[in-house]
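Treat the numbers as computed from the prediction; the structure is a model and nothing was measured.
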Amino acid sequence: MAETISESAIEARQRAVLGQPMRVAALTEEQVGDDLRELVLRIAEPLGYEAENRPLTTYFRLIAHHPALFGCQLETGIMYFTKSLLPPRERELAVLRTAWLAGAPYEWGEHVDIGRKLGITPEDTDRVRAGAQAPGWTEHERAVLTAVDELVTDRMISDATWAILAQTYDEAQLIELPALVGQYLGVAMLQNSLRVPLTERNGGFAER
């Protein structure tokens, strides 16, 4: 999605992703194995969600059709939420920018909610939509957002952006950033293609 985009275009994109029935029927809660439920509990805990008191999301019950993929995806998510070397705010800014560029309403809404717990404000999310050139970013935050744009459009981080990131990030963090963007771009493509519906607490692109 373009950095400057009208509200009507945003609504049209959301309708295009969500406006048709899901392409795969979600499993029932009873059909999801205990091992997969345990992964859901493990990823919910660092995010402050009480998963044991909630039904499994439709998305989880969709990807549970492929237990190996479910396990791989959630284990990777758990790593990013418990062992990430990136500062949490910068991690979520990168994920939000990825979701925005991917035109992924479900992923966007979920990570706006996660970002709120980290102090990411509505003003921040508005600036994520506008991109790296929006006023108010630090030089390093601007480089993080620029890196996401470059990864999505050119599939690599430019030398100029890498040099700025390297002033703050060590080698492991520099490795993690493109891996993070790749992970959530893949999740966005999966959620969009499955037409995962929004929930009561996830308003898609309306969230800020």
Side-chain angles (χ1 to χ4, degrees), residues 38-52 54 57 59-60 71-102 104-152 157 161-188 190-191 199 201-208:
E38 177 61 28
L39 286 174
V40 173
L41 290 173
R42 285 175 55 205
I43 200 170
E45 183 177 358
L47 298 177
Y49 297 140
E50 297 180 359
E52 66 275 12
R54 290 185 179 178
T57 66
Y59 177 56
F60 288 150
C72 180
Q73 190 175 104
L74 264 72
E75 288 284 6
T76 303
I78 290 165
M79 186 280 292
Y80 280 123
F81 291 125
T82 62
K83 298 181 181 179
S84 174
L85 302 178
L86 301 177
R89 171 182 166 85
E90 293 165 24
R91 180 198 72 214
E92 287 308 308
L93 290 176
V95 174
L96 283 166
R97 184 62 179 169
T98 302
W100 180 252
L101 293 176
Y106 186 89
E107 184 172 79
W108 172 267
E110 289 294 300
H111 284 270
V112 168
D113 187 55
I114 292 168
R116 288 193 190 108
K117 297 177 173 63
L118 300 172
I120 292 176
T121 66
E123 291 73 25
D124 288 328
T125 53
D126 287 348
R127 288 188 293 130
V128 168
R129 293 174 186 248
Q133 299 311 308
W137 299 123
T138 66
E139 181 184 37
H140 178 74
E141 289 172 338
R142 185 173 294 111
V144 169
L145 294 176
T146 300
V148 175
D149 288 17
E150 291 171 348
L151 287 164
V152 171
I157 298 173
T161 303
W162 186 274
I164 297 172
L165 291 169
Q167 294 175 13
T168 302
Y169 284 169
D170 62 20
E171 288 86 353
Q173 290 171 312
L174 290 166
I175 290 169
E176 185 174 322
L177 180 59
L180 174 77
V181 174
Q183 163 75 5
Y184 282 96
L185 186 59
V187 170
L190 178 57
Q191 291 172 345
T199 65
R201 66 178 181 81
N202 180 347
F205 291 135
E207 300 289 353
R208 56 184 292 272

**Request:** Please work out which of the three classes, parallel, tilted or perpendicular, describes the rings of Phe205 and Trp100, given edges at 30° and 60°.
**Result:**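 Perpendicular, since the angle between the ring planes exceeds 60°.
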**Request:** Start with the C-alpha distance between His111 and Thr98, add both sets of side-chain angles, then the distance that settles side-chain contact (heavy atoms from CB on, under 4.5 Å), and finish with yes or no.
**Result:** CA-CA 11 Å; His111 284 270; Thr98 302; over 6 Å; no
Between [X] (side chain only) and [Y] (backbone N and O only), is there a donor and an acceptor less than 3.5 Å apart?
{"X": "Gln173", "Y": "Asp170", "answer": "yes"}
{"X": "Arg97", "Y": "Arg129", "answer": "yes"}
{"X": "Trp108", "Y": "Glu207", "answer": "yes"}
{"X": "Tyr80", "Y": "Leu180", "answer": "yes"}
{"X": "Glu141", "Y": "Thr138", "answer": "yes"}
{"X": "Ser84", "Y": "Phe81", "answer": "no"}

**Message:** With no hydrogens and no angle check, just 3.5 Å: does a side-chain donor-acceptor pair link Asp149 and Thr146?
**Reply:**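 Their side chains do not contain a donor-acceptor pair, so the 3.5 Å distance test is not met.
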**Item:** Pairing of Arg91 and Glu176 as salt bridge, 4.0 angstrom limit
**Value:**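 No.
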Would you say the side chain of [Y] lies within less than 4.5 Å of the side chain of [X], judging by non-hydrogen atoms?
{"X": "Leu177", "Y": "Leu86", "result": "yes"}
{"X": "Tyr106", "Y": "Thr57", "result": "yes"}
{"X": "Arg127", "Y": "Leu145", "result": "no"}

